[in-house]
Amino acid sequence: MIPDPTAPSQPNTYGLTGKGSWIKSLTNALEYYPMTVMTEPTEYSNFTLESAFKSVEGRFDCSGGLIFRYVDDQNFYLLSAGCPNDYFALSRMSKGKIETLKQTVHPTDKDIWYKLKVVAQGGHFICYDDNKMEFDFDDNKIAKGRVGLWARDDSQARFDNVTITVMTAAPSESGATAAPSESPAASPSPAGSPSPAH
C-alpha cells in the first residue's frame with residue numbers, strides 16, 4: 001500500500017513500481033512488465049473489471065493496465081493506457097508475445113486519475129476509459145483466467161478501487177444479460193505480490 005491523498009478512496013493506493021528497474025528495462029529492450037495477479041484461484045469468464053489508475057513517474061514509460069483471463073505470465077489479455085504515446089489499448093499476451101488487438105489515441109498524463117474498465121462476455125470485450133466506451137473487440141483465444149494489474153518498464157503505476165463484477169451468464173440470443181453478482185474477490189486492492197515478467 002502506498003499513501004496518496006489524491007486517491008479516489010483515501011488514504012492508500014496499490015502501487016506497481018518500476019523504480020530502480022530502468023537499467024533492467026534497457027538491457028531487456030524495454031520489455032519489462034511488473035505485474036501482480038490475484039492469489040485466489042478463481043478463473044473468470046464473463047465479468048466487468050474496473051479500476052482507477054494513474055502513473056506518477058517513469059523515464060521511459062508511464063503505462064498501467066488491467067490483466068484479465070490470466071492463465072500464466074505468457075498468456076493473458078491486457079487493457080492498458082499510458083504516456084508518452086497517449087494510447088488506450090487492448091492487447092493479448094500469447095506464448096510470451098504481446099500483440100495489440102485494438103488501440104486508440106487518448107490523452108494520458110502523469111498524476112491524473114483515470115478509470116479503466118473492460119466488460120468481457122464470451123469472446124466479446126467492451127473497453128472503457130473514464131466511463132466512455134472507446135471500442136469493442138471480438139477474440140476467443142483465452143476463455144477464462146484470473147485477474148490482475150500491470151505496468152510497463154519503469155512506470156510507477158498506482159491503482160485504486162479495483163473491482164470485479166461477475167456475470168452469472170453470457171448474453172442470451174435476445175441480447176439480455178443475467179443480473180451481475182459481485183465477486184467475493186472484489187476488493188479495493190488485489191491480493192498477491194508483484195511478479196516481474198519479460
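Computed from heavy atoms alone, side chains included, the values below leave out hydrogens, waters and symmetry copies.
Rounding to the nearest 0.5 Å places CZ of R146 at 9.5 Å from OG1 of T42. The NZ atom of K102 sits 13.5 Å away from the CG atom of L79 when rounded to the nearest 0.5 Å. With values rounded to the nearest 0.5 angstrom, M167 atom CE is found 8.0 Å from N46 atom CG. For the atom pair L101 CG and F137 CZ, the distance stands at 4.5 Å (nearest 0.5 Å). D4 contributes atom CG, which lies 8.5 Å from atom CG of D111 (distance to the nearest 0.5 angstrom). Between the OG atom of S63 and the CG atom of N85 there is a distance of 7.5 Å, given to the nearest 0.5 Å.
Between T48 and K117, some side-chain heavy-atom pair lies under the 4.5 Å cut-off. Side-chain atoms of V147 and I67, non-hydrogen and from C-beta on, never get closer than 4.5 Å to each other. Residues K132 and D130 form no side-chain contact, since every pair of their non-hydrogen atoms from C-beta on lies 4.5 Å or further apart. You'll find the side chain of T108 stays beyond 4.5 Å of the side chain of Y87, heavy atoms only. Between F76 and S94, the closest side-chain pair of non-hydrogen atoms is not below 4.5 Å.
Remark: side-chain polar atoms of R158 are not paired, donor with acceptor, to backbone N or O of S55 under 3.5 angstrom. With R69 contributing its side chain and S45 its backbone, the two residues share a donor-acceptor pair below 3.5 Å.
Between P5 and Q10 the shortest heavy-atom distance is O-NE2, 2.6 Å. Considering all non-hydrogen atoms of both residues, A157 and A151 come closest at CB-CB, 4.1 Å. Here the closest heavy-atom approach between residue C62 and residue P84 is recorded as SG-N, 4.2 Å. In terms of heavy atoms, A81 sits closest to L116 at CB-CD2, 4.0 Å.
Considering V118, V119, D136, T104 as possible partners of C127, the one that fulfils the side chain to side chain contact (heavy atoms under 4.5 Å, CB included) test is V118.
Scanning for side-chain hydrogen bond (donor to acceptor under 3.5 Å, both in side chains) contacts around K115 gives E50, with sequence neighbours left out. Under the rule for a ring-ring contact (aromatic ring centres under 6.0 Å, His included), the partners of Y77 that lie at least two apart in sequence or sit in another chain are F68, F125. Applying the side-chain hydrogen bond (donor to acceptor under 3.5 Å, both in side chains) criterion to D138, with sequence neighbours excluded, gives H124. By the side-chain hydrogen bond (donor to acceptor under 3.5 Å, both in side chains) test, D129 pairs with H106, sequence neighbours left out. Judged as a ring-ring contact (aromatic ring centres under 6.0 Å, His included), and not counting sequence neighbours, Y128 has no contacts. By the side-chain contact (heavy atoms from CB on, under 4.5 Å) test, S51 pairs with L66, F159, V162, sequence neighbours left out. Legend: residues meeting ring-ring contact (aromatic ring centres under 6.0 Å, His included) with F135, ordered by chain and number and at least two apart, are F88. Contacts of P8 classified as side-chain contact (heavy atoms from CB on, under 4.5 Å), with partners at least two apart in sequence or in another chain: A52, W113, D160, N161. Taking D72 as the reference, nothing meets the salt bridge (Lys or Arg N to Asp or Glu O under 4.0 Å) condition, with sequence neighbours excluded.
Between D109 and K54 there is no salt bridge, since none of the side-chain N atoms of the basic residue sits less than 4.0 Å from a carboxylate O of the acidic one.
The hydrophobic clustering, which links ILVMFWY residues whose side-chain heavy atoms are closer than 4.5 Å, places V37 and I98 together. Grouping the Ile, Leu, Val, Met, Phe, Trp and Tyr side chains by contacts below 4.5 angstrom, directly or via other members, places V166 with I142. Hydrophobic cluster membership is shared by L149 and V71, with clusters built from Ile, Leu, Val, Met, Phe, Trp and Tyr side chains linked at under 4.5 angstrom.
A salt bridge (charged side-chain N to carboxylate O under 4.0 Å, His left out) check over residues 74-101, counting only residues at least two apart or in different chains, returns the pairs R92-E99, R92-D139.
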| side-chain contact (heavy atoms from CB on, under 4.5 Å) between M93 and N75, worked out | CA-CA 5 Å; M93 178 75 82; N75 299 277; 5.9 Å; no

| request: Decide side-chain contact (heavy atoms from CB on, under 4.5 Å) for K144 and Y70; before the verdict, give the C-alpha distance in whole Å, the side-chain angles of both, and the deciding distance to 0.1 Å. | output: CA-CA 7 Å; K144 62 181 179 177; Y70 174 94; over 6 Å; no

